[in-house]
Amino acid sequence: MFVFIFSFVVVLSLLTSKAVLSLNHQELPSALIAAIRQDFLQYRENYPSTWTDSKAHRVFFVDLNSDRVKEAILYPAGGLMCNNRSCEIFIYTKFGNKYKKISAHLGGSRNEPSIGILKTSNQGWYDLATRFFDYETRTEKWSRVSYGSRGYTDSPLVIVPNPRTILEYSSGVETDLKKFLPN
């Protein structure tokens with residue numbers, strides 16, 4: 001009996017570790033791809049010669065409103081959605097069979113691409129934290145972003161301590177936009 005339980009635990013741990021390892025290579029849902037395509041085509045049309053750095057993008061899946069459906073957070077780390085300090089972050093939620101963008105002009109650090117999930121919430125949606133560089137102290141700090149009537153948008157600067165949950169760039173699903181945006 002002991003051998004059976006031990007074997008089961010070993011197999012289960014191998015399956016679990018494989019699932020974690022394959023997380024960065026999962027396919028994005030086709031409905032999410034369609035929503036991203038719709039949003040990003042405007043960037044491509046406005047800046048056709050500079051659309052190059054698409055492999056740097058990451059998508060994180062996390063439930064932001066406790067409805068047991070994970071939202072998708074697209075974090076570019078280069079290319080058109082970025083300036084020399086920050087990149088625009090896109091957040092999508094699932095409505096029926098489609099995804100809808102629920103963020104606008106939300107920026108995150110280009111140097112340290114990551115996003116924090118805070119324990120506080122607004123209108124049933126968890127607050128987020130994005131990194132920014134404080135030129136006065138010459139350090140990276142976190143700023144709270146709350147959900148409002150227009151979704152997640154840049155809000156007045158509120159500095160928060162390091163979030164307990166941080167979605168690091170390396171843990172996101174690698175996303176190459178060239179694969180699903182037309183030439």
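FYI, the numbering just counts along the sequence from 1. All values derive from a computational prediction rather than experimental measurement.
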Separation of [Y] [atom2] from [X] [atom1] (nearest 0.5 Å):
X	Y	atom1	atom2	value
K98	S30	NZ	OG	11.5 Å
L128	E71	CG	CD	10.0 Å
Y92	I102	OH	CD1	10.5 Å
S171	R58	OG	CZ	9.0 Å
L118	I166	CG	CD1	9.5 Å
I89	Y75	CD1	OH	4.5 Å

Do [X] and [Y] come close enough that some side-chain heavy atom pair is under 4.5 Å?
X	Y	answer
L106	I91	yes
R131	K141	no
L74	I36	yes

State plainly whether one hydrophobic cluster holds both I115 and V160, where clusters connect Ile, Leu, Val, Met, Phe, Trp and Tyr through side-chain heavy atoms under 4.5 angstrom apart. no
For the hydrophobic clusters of this structure (ILVMFWY residues joined by side-chain heavy atoms under 4.5 Å, transitively), does one cluster hold both W142 and V145? no
Minimal heavy-atom distance between K101 and S103, with the atoms involved, is CE-O, 3.4 Å
If I compare all heavy atoms of A129 with all of P163, which pair ends up nearest, and what's the gap?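 Looking at all heavy atoms of both residues, the shortest contact is CB-CG, 3.7 Å.
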Could you check whether T139 and D134, counting side-chain N and O atoms only, form a donor-acceptor pair closer than 3.5 Å?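 Result is no, nothing qualifies.
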Using side-chain contact (heavy atoms from CB on, under 4.5 Å), reason through V59 and I73 one step at a time and then give a plain yes or no. CA-CA 5 Å; V59 175; I73 301 173; over 6 Å; no
Does Y126 offer a backbone N or O that forms a donor-acceptor pair with the side chain of S121 under 3.5 Å?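 No, S121 side chain to Y126 backbone: no donor-acceptor pair under 3.5 Å.
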Whether T175 side chain and V173 backbone form a donor-acceptor pair below 3.5 Å: yes
Ring pair (Phe, Tyr, Trp, His ring centres under 6.0 Å) partners of Y147, counting only residues at least two apart: W125, Y152
In chain order, what residues pass the side-chain contact (heavy atoms from CB on, under 4.5 Å) check against V69, with sequence neighbours excluded? D67, K94
Cation-pi geometry met for K100 and F95 (6.0 Å, 45°): yes
What I want to find out is whether K70 reaches D63 closely enough, with some N-O distance under 4.0 Å, to be called a salt bridge.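 Result for this pair is no, no salt bridge flagged.
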Can you list the steps and then say if K119 with D127 is a side-chain contact (heavy atoms from CB on, under 4.5 Å)? CA-CA 7 Å; K119 292 221 175 257; D127 292 338; over 6 Å; no
